[in-house]
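To keep things clear, I will list the structure first and then write my remarks on it.
Numbering of ligands and ligand atoms starts at 1, following listing order. The figures that follow rest on heavy atoms only: side chains count, while hydrogens, waters and symmetry mates do not.
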Amino acid sequence: METAIRTEDLTKSYGSVTALAALDLEIRRGEVFGYIGPNGAGKSTTIRLLLDLLRPTRGRAEILGMDVRRRGVEVRRRIGYLAGELALYEELTGRELLSFLARLRGGVERPYVTTLADRFGLPVDRPIRELSKGNKQKVGLIQAFMHRPDVLILDEPTSGLDPLLQRTFHELVGETRDAGATVLMSSHVLSELEHVADRVAMIRAGRLLAVEAIEDLKRSAPRQVAVTFAAPVPDGAFASLPGVSGVDVRGSLARFTVHGGMDAVVKAIAAHEVVSLTAQEPELEELFLDRYEAHGAQGGEPGA
Ligand SMILES: Nc1ncnc2c1ncn2[C@@H]1O[C@H](COP(=O)(O)OP(=O)(O)OP(=O)(O)O)[C@@H](O)[C@H]1O
């Protein structure tokens, strides 16, 4: 397995406040990695340490095998970065700013910049200062993607984007991953990541709680099943099946919860004539929140 981003014992303290505590993270090449946590959890701190915009109190970070402190210039050439708080040259138009940044970077294909601007529907000829938050975010996203970097590090990329544009963004992330790039993106809500991320790390109060594959989260999550049969089924029909709980059979309508694989359930259902069936996907957000609560933490801010 090739590693795109690795941190070892990465720690940042501000006086007695530990913004990030001993983070060990390994992000594979070619994966989309979500980084989620509530406000103040330490997401931006991690990202700023990776970009070498902050100096760690302890520990180190590597991108594409290069130490981010010692080889910062080389590292930055290979990455695209979207800051959580954008600072753009307000007097320039989007087109002017993007050409300026493209010249600074070098190696940018102009037609690709135009394609990205068209995809996001950026009004390229208006001064940045006149743009809405969402339109400014588009400029930030385009400059992060335009040189087709090997690694993208995006702090709250969907902030300010409407649902349609979020989809455009997700499609772009998918294509970029398929082309072999690695994407690290932060968010404070899982629903923004679940359609696009391969794995998700949860951070809270500066500490990494868990790293999970979205697929595993979904697979292990309980599903609510409701089946309407053509004729009444026996009361105890599904109670003894593996992973089934909370069975409620009323005449021809059966409801229950399934944990794990659905195979035995589907086969048992198929023994009867089925009129309709729904199996509700769980809200992953809730699953995550359950886990947060299990850790007993309340707020996102680290303790002193
Ligand atoms: N310069 C600083 N001085 C003191 N404390 C700081 C400083 N920068 C960040 N912190 C603290 O570090 C913690 C982590 O902040 P960080 O910005 O990384 O959180 P975040 O997860 O990105 O949150 P958000 O979703 O609100 O952006 C917070 O408690 C914050 O108050």
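The shortest heavy-atom distance from R48 to ligand 1 is not under 4.0 Å.
Hydrophobic clustering (ILVMFWY, side-chain heavy atoms < 4.5 Å, transitive): L104 and L97 are in one cluster. In the hydrophobic clustering of this structure, L253 does not group with F229; members are Ile, Leu, Val, Met, Phe, Trp, Tyr whose side-chain heavy atoms approach within less than 4.5 Å, directly or through other members.
With ligand atoms numbered from 1 in the order given, ligand 1 contributes 23 (O), 24 (P), 25 (O), 26 (O) to contacts under 4.0 Å with heavy atoms of N39. Atoms of ligand 1 found under 4.0 Å from any heavy atom of T45, numbered from 1 in the order shown, are 14 (C), 15 (O), 16 (P), 18 (O). The ligand atoms of ligand 1 that sit less than 4.0 angstrom from a heavy atom of E156 are 25 (O). Near S44, meaning under 4.0 Å from one of its heavy atoms, ligand 1 places the atoms 17 (O), 18 (O), 20 (P), 22 (O), 27 (O).
Below 3.5 Å of separation, one finds an N or O of A41 facing an N or O of ligand 1. Between G42 and ligand 1, at least one N/O pair is under 3.5 Å apart. Close N/O approach between H188 and ligand 1 is not found [any backbone or side-chain N/O within under 3.5 Å]. On a distance-only criterion, G37 and ligand 1 share no N/O pair closer than 3.5 Å.
In this structure, the side chain of D24 engages the main chain of D9 through a donor-acceptor pair within 3.5 Å. Not one N or O on the side chain of T182 forms a donor-acceptor pair closer than 3.5 Å with the backbone of A4. E130 places no side-chain N or O within 3.5 Å of a backbone atom of P127 that could act as its donor or acceptor partner.
A salt bridge links E91 with R129; the closest basic N to acidic carboxylate O contact falls under 4.0 Å.
Inspection of the K43 and S187 side chains reveals no N or O donor paired with an N or O acceptor under 3.5 Å.
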